[in-house]
Amino acid sequence: MPSSTPPPSASSTHPHDLVSRLSSPDVDLQLKSLREVKNQIIGNRTKKLFYIKLGAVPAVSSVLSRASSFGCDSSRRSNLLIQSAAALGSFACGLEAGVQAVVDAGALPHLLRLLSSSDGKVVDSGARSLKLIYQSPIAPKYDFLDDGNRKFLLALLNSKNEIVMGFGCGIITHSCRTSAEQKALCNAGVLDKLIDFFDGSVSQRDASLESLTALLKNNCDITAKFVEFDSGKALDLIIKFTLDKSLKTRLLACCCLIMIRNVSSSYLNGMDIERKLMSYLLELLKDTGQVGDDAAFALASLVEGKEDLQKVAFETGAIDEICRHLQRGVSCSQRYRGLLIALTNICAKLEICRSRLFSSQALSSVRDALRRDCDDVKTAACDCLRSLSRSVKNLSAGYFMNESFIGPLLELLHDPSLPVQLAALRAVSNMVVDFTQHKSYFLQAGGIKLLVQLSMSMDSALRTHSVWALKNYMFLADCKFKEAVFNELPASSLVSLICDPEISVREQALGLVRNITDGSPESYDYILSEDGVILDAIGRQLRYASETEHNIQGLYALSNIASVSESHKDIVMQQLLQNAGTSDEPFIMEVLCCDDSRLRTAVLWIIINLTSPSSGAPGRSVKLCAVGVLSRLKCLVSDPCLEVKLRAKAALGQCMNMGEGQVEAIGFIIK
Amino acid sequence: MPVRVVESAAPSQVSEGASSGNTGPPFCSLLSVGQTFSGTQNVSSQQNERDEAWKVNVCIQGCDLDHGYLCGTMEALNVPMADTPVVTFWEGEIVDNRNYTFFTGKWEATREDDIRHWTKFPSFAPLLSYVEADGGKSLDLSSSQYIFMRWKEQYFVNVGDDCGLTIAGFYYVCFSCVDGSINGFYYDPKSSPYQKLELKSTNYGGSGFIFPAYELQ
């Protein structure tokens with residue numbers, strides 16, 4: 001079995017010894033050990049993890065702490081400070097476990113103290129380490145609403161030392177999240193300061209662009225202030241930076257412009273900037289380093305939720321370009337994820353985009369990503385397939401219900417990672433809306449069993465989405481598929497879902513009942529099994545819940561049940577005539593009088609089904625009229641909503657078409 | 001629904017989107033996913049002495065009112081040239097003056113063809129003068145009890161393209177929100193003119209309407 005412990009090289013000291021020597025009273029030995037640890041871990045993730053496990057980080061932090069507190073001769077002390085700070089920075093660089101270890105070792109206050117050293121090299125070393133630590137989201141957040149923290153930040157930004165100033169920008173990027181913080185920083189003069197840095201060195205400019213993006217994010221007021229700054233000259237500069245020599249500057253400028261566009265498209269109107277941004281980002285994707293990786297995420301952010309820009313992406317060939325990158329093979333997980341998210345967002349709304357991806361050879365790369373080691377990549381691949389499977393055209397053709405799509409997704413339903421499981425479930429939920437006989441593939445692959453198992457999960461999101469998938473699978477499903485669900489999900493289990501503590505689960509469960517009851521006699525037997533517990537549960541939920549979407553599902557479930565036999569119609573009647581949970585009025589009257597036209601429409605369909613000509617219809621009509629339904633229907637024929645008006649007319653017509661004897665009876669009761 | 005091949009289908013043109021901000025047609029629960037319709041398509045023509053009507057079933061599979069989009073399948077049951085019912089997948093354009101206007105602008109349909117077909121529907125009569133004036137862009141369709149659409153078959157679901165049938169044309173469709181009835185006229189310059197489609201909403205055994213639904217994420 002392979003060991004995770006790298007063997008110590010012949011030329012170096014044994015790692016355990018090296019770590020213990022960090023605590024040696026001999027300063028020279030300490031320095032030598034620090035240098036060696038630092039040299040070993042630079043750029044080596046495995047060694048970083050190994051030394052973290054050995055407890056090297058607290059040991060280095062102690063060296064830093066002791067050296068900053070006690071005297072030894074000044075040059076050796078400086079060296080200790082510089083080397084220990086650099087080692088801590090190395091541990092934190094690109095490794096969350098390293099950042100966590102540094103934070104846990106209490107090293108941050110010691111590193112911050114280095115910034116006030118009179119020795120420039122010590123300051124550089126401390127600032128460089130802090131900057132690396134604050135690139136990680138798990139570094140502790142700065143509260144910019146605190147006066148002291150704001151003063152500290154301004155001191156950093158005002159520093160002549162570029163690394164210190166870069167650290168200042170870094171903590172804005174890291175910690176500025178809320179609009180209150182953005183406002184506080186802006187009022188403290190941070191916006192002006194960041195704009196000043198545009199004229200500085202490349203690193204100043206880049207740091208400024210990055211923190212400016214955080215300062216403007218989703219903030220209309222500050223974005224407006226920035227756009228109008230110096231008659232738009234600051235904005236012009238950013239647009240100019242999109243063509244800079246430095247690829248990183250170009251990318252950061254693009255990200256900043258995306259943030260401005262996300263706040264309001266009007267700021268960049270008439271510049272055709274969106275199309276340009278798209279082509280700049282596609283160009284930056286070609287970079288094989290960090291810039292290329294980040295460009296994919298920037299592209300994803302540019303088009304996210306914006307149908308017009310998704311169309312621009314299609315027109316500028318973004319899908320083809322991203323597919324080309326995927327087809328060439330992507331080893332870096334971060335880049336793979338970014339490209340998949342970009343595709344997900346581009347294909348979110350438009351069929352033309354989905355068609356292009358679907359016909360691309362790169363589709364196999366998306367599917368391959370489902371089997372990668374990295375959870376984030378698997379999640380992104382599931383999301384991409386979910387976006388793609390929003391195509392009703394392809395669902396209708398049964399393109400997804402096969403081994404290449406459903407197979408790996410079903411495997412991911414067992415994944416130990418919850419986000420992966422959920423992402424797979426959401427993709428499956430779309431794909432099972434299959435309009436062909438291919439639905440049997442899902443059944444044979446054990447999909448139904450698995451979904452039912454997940455519907456019993458302790459996690460409410462898993463329950464919601466597994467029931468959602470079952471609901472979609474049941475849409476226009478043949479009897480054999482329905483029976484498969486009935487076999488796995490006894491009525492009592494369905495009742496548990498209808499009464500789940502989470503409203504999202506309850507809503508999907510009612511939607512499932514709605515689709516189960518769409519015509520086949522078997523389904524109606526199932527609904528009435530176990531003494532009608534399912535119908536009772538639906539009635540109870542409807543009478544006590546106030547959530548519209550939930551109630552719409554429940555009402556249509558009742559409406560479908562009311563389309564069958566006399567006995568089904570009578571049972572639905574009983575539910576409707578019971579008093580609403582919080583009033584003395586029958587439930588049906590409460591819904592007929594509610595504000596939401598969709599609820600009024602749904603309950604009118606129930607009345608239409610209950611009173612459609614049949615032997616029991618007159619009796620049911622009399623009962624409905626007795627509670628005031630007839631007079632309410634007369635009002636609803638003038639409803640402002642056309643759909644309500646039409647259904648009320650139909651229901652009223654059916655009620656009025658009864659025999660004269662019943663009409664008289666109704667008249668008597670109403671009087 | 002497919003018709004017999006006369007000549008190979010011509011490629012359709014790219015659609016021109018409408019720019020008007022007029023209010024589109026109202027929501028109608030009978031025109032939503034899962035709704036089914038059955039009826040006939042009259043395939044007789046002036047040249048054909050014998051009247052011929054194919055039984056037709058339609059199921060709506062997708063509906064996106066924001067994009068004026070509708071789609072589903074159409075099943076022709078007694079097609080003389082086919083051993084089994086022929087199922088096609090169609091996509092519909094809802095005339096909403098936002099995504100689509102009364103003018104087709106593609107599929108070899110001129111404005112004159114459009115007017116000629118739309119006027120076959122009695123419910124179009126009040127709209128005629130507006131459509132002739134500005135394509136109907138000034139019309140408020142939100143209170144109309146009729147929804148006008150074009151349905152274009154895209155592919156054969158259960159038979160090959162070489163089945164001897166064509167789906168080159170498209171349907172002008174008028175849907176009644178009142179009872180879910182559908183009237184349509186097939187248009188293909190290479191096929192018999194004015195083949196009439198007549199469908200009624202399926203009311204299960206006369207005892208009720210059902211409303212299944214799915215939701216994509």
Side-chain angles (χ1 to χ4, degrees), chain A residues 307 349-351 386 389-393 395-398 426-427 429-430 432-433 435-436 465 468 471-477 508 511 514-519 552-553 556 559-566 568-569 597-598 601-602 605 608-610 612-614 641-643 646-647 649-650, chain B residues 14-15 17 23 25-36 59-64 66-67 69-74 87-92 141-147 154-158 176-180 201-217:
Chain A
E307 192 178 314
K349 298 205 171 188
L350 295 172
E351 189 63 27
R386 174 169 55 87
S389 59
R390 285 191 194 125
S391 161
V392 181
K393 191 175 179 180
L395 286 169
S396 186
R426 296 179 75 197
S429 176
N430 282 0
V432 294
V433 185
F435 300 96
T436 66
H465 290 285
W468 192 327
K471 174 188 84 175
N472 283 355
Y473 184 77
M474 285 286 90
F475 178 73
L476 299 181
Q508 294 307 324
R514 177 179 177 177
N515 281 351
I516 283 173
T517 51
D518 73 348
I552 286 173
Q553 299 303 324
Y556 277 113
S559 178
N560 288 354
I561 297 167
S563 73
V564 201
S565 67
E566 293 298 316
H568 286 86
K569 287 173 196 271
S597 62
R598 293 170 302 164
T601 303
W605 277 117
I608 290 170
N609 282 350
L610 291 175
S612 67
S614 72
C641 168
L642 179 65
E643 176 69 354
L646 292 174
R647 301 315 147 214
K649 268 186 194 169
Chain B
V14 179
S15 166
T23 314
F27 164 78
C28 178
S29 35
L30 290 172
L31 194 67
S32 57
V33 295
Q35 291 307 299
T36 53
C59 176
I60 296 178
Q61 296 182 332
C63 181
D64 176 1
D66 287 343
H67 292 93
Y69 178 83
L70 195 75
C71 66
T73 50
M74 195 182 275
V87 183
T88 53
F89 176 82
W90 55 268
E91 291 184 302
L141 300 168
S142 64
S143 55
S144 170
Q145 295 190 0
Y146 297 93
I147 297 176
Q154 299 293 345
Y155 58 81
F156 290 103
V157 173
N158 63 338
S176 164
C177 296
V178 178
D179 58 2
S201 178
T202 309
N203 176 341
Y204 287 85
S207 61
F209 292 87
I210 57 166
F211 295 93
Y214 68 85
E215 216 179 340
L216 296 176
Q217 303 193 50

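Quick caveat: nothing in here was measured; it's all calculated off a predicted structure. Just so we're on the same page: letters track the sequence lines, and every chain starts at 1.
S612(A) and G208(B) get closest at one heavy-atom pair: OG-N, 4.2 Å. Across all their heavy atoms, Q217(B) and S429(A) have their closest contact at NE2-OG, 3.2 Å. The shortest heavy-atom contact between E215(B) and N472(A) is O-ND2, 2.8 Å. Residues K471(A) and A213(B) share a closest heavy-atom pair of CG-O, 4.4 Å.
At a 4.5 Å heavy-atom cutoff, S597(A) makes no contact with chain B through either its backbone or its side chain. The contact between T73(B) and chain A is made entirely by side chain atoms (from C-beta outward), counting heavy-atom distances below 4.5 Å. No part of V432(A) comes within reach of chain B, as not one of its non-hydrogen atoms sits under 4.5 angstrom from that chain. Heavy-atom distances place the side chain of Q508(A), and not its backbone, under 4.5 Å from chain B. Looking at E307(A), the atoms closer than 4.5 Å to chain B (heavy atoms on both sides) all sit in the side chain, from C-beta outward.
In this structure, a donor-acceptor pair under 3.5 Å is absent between the side chains of E351(A) and H67(B).
Once rounded to the nearest 0.5 Å, the distance linking SG of C59(B) with CG of L476(A) reads 5.0 Å. Expressed to the nearest 0.5 Å, how far CD of E91(B) lies from NZ of K393(A) amounts to 4.5 Å. To the nearest 0.5 Å, the span separating CG on L395(A) from SG on C71(B) amounts to 9.0 Å. Separating the CH2 atom in W90(B) from the OG atom in S396(A) is a distance of 10.5 Å, to the nearest 0.5 Å.
Counting heavy-atom pairs under 4.5 Å between each of K649(A), R647(A), M474(A) and chain B puts R647(A) at the top. Of the listed residues (C28(B), S29(B), G62(B)), the one with the most heavy-atom contacts under 4.5 Å to chain A is S29(B). Comparing A562(A), A397(A), A602(A), S614(A) by how many heavy-atom pairs each has under 4.5 Å with chain B, the most go to A397(A).
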Notebook entry, point to check: Do F209(B) and I608(A) pass the side-chain contact (heavy atoms from CB on, under 4.5 Å) test, and can you show the C-alpha distance, the side-chain angles, and the key distance before you say yes or no?
Noted result: CA-CA 8 Å; F209(B) 292 87; I608(A) 290 170; 4.2 Å; yes
Next item on the list: Kindly determine whether V33(B) and F475(A) satisfy side-chain contact (heavy atoms from CB on, under 4.5 Å), including the steps that lead there.
Entry: CA-CA 10 Å; V33(B) 295; F475(A) 178 73; 4.1 Å; yes
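Looking at N430(A), its side chain never comes within 3.5 Å of a backbone N or O of L216(B) through a donor-acceptor pair. Looking at E643(A), its side chain never comes within 3.5 Å of a backbone N or O of P26(B) through a donor-acceptor pair. A distance-only check finds no donor-acceptor pair linking the side chain of N515(A) to the backbone of P212(B) [under 3.5 Å].
Ring geometry for F211(B) versus W605(A): interplanar angle of 30 to 60°, hence tilted.
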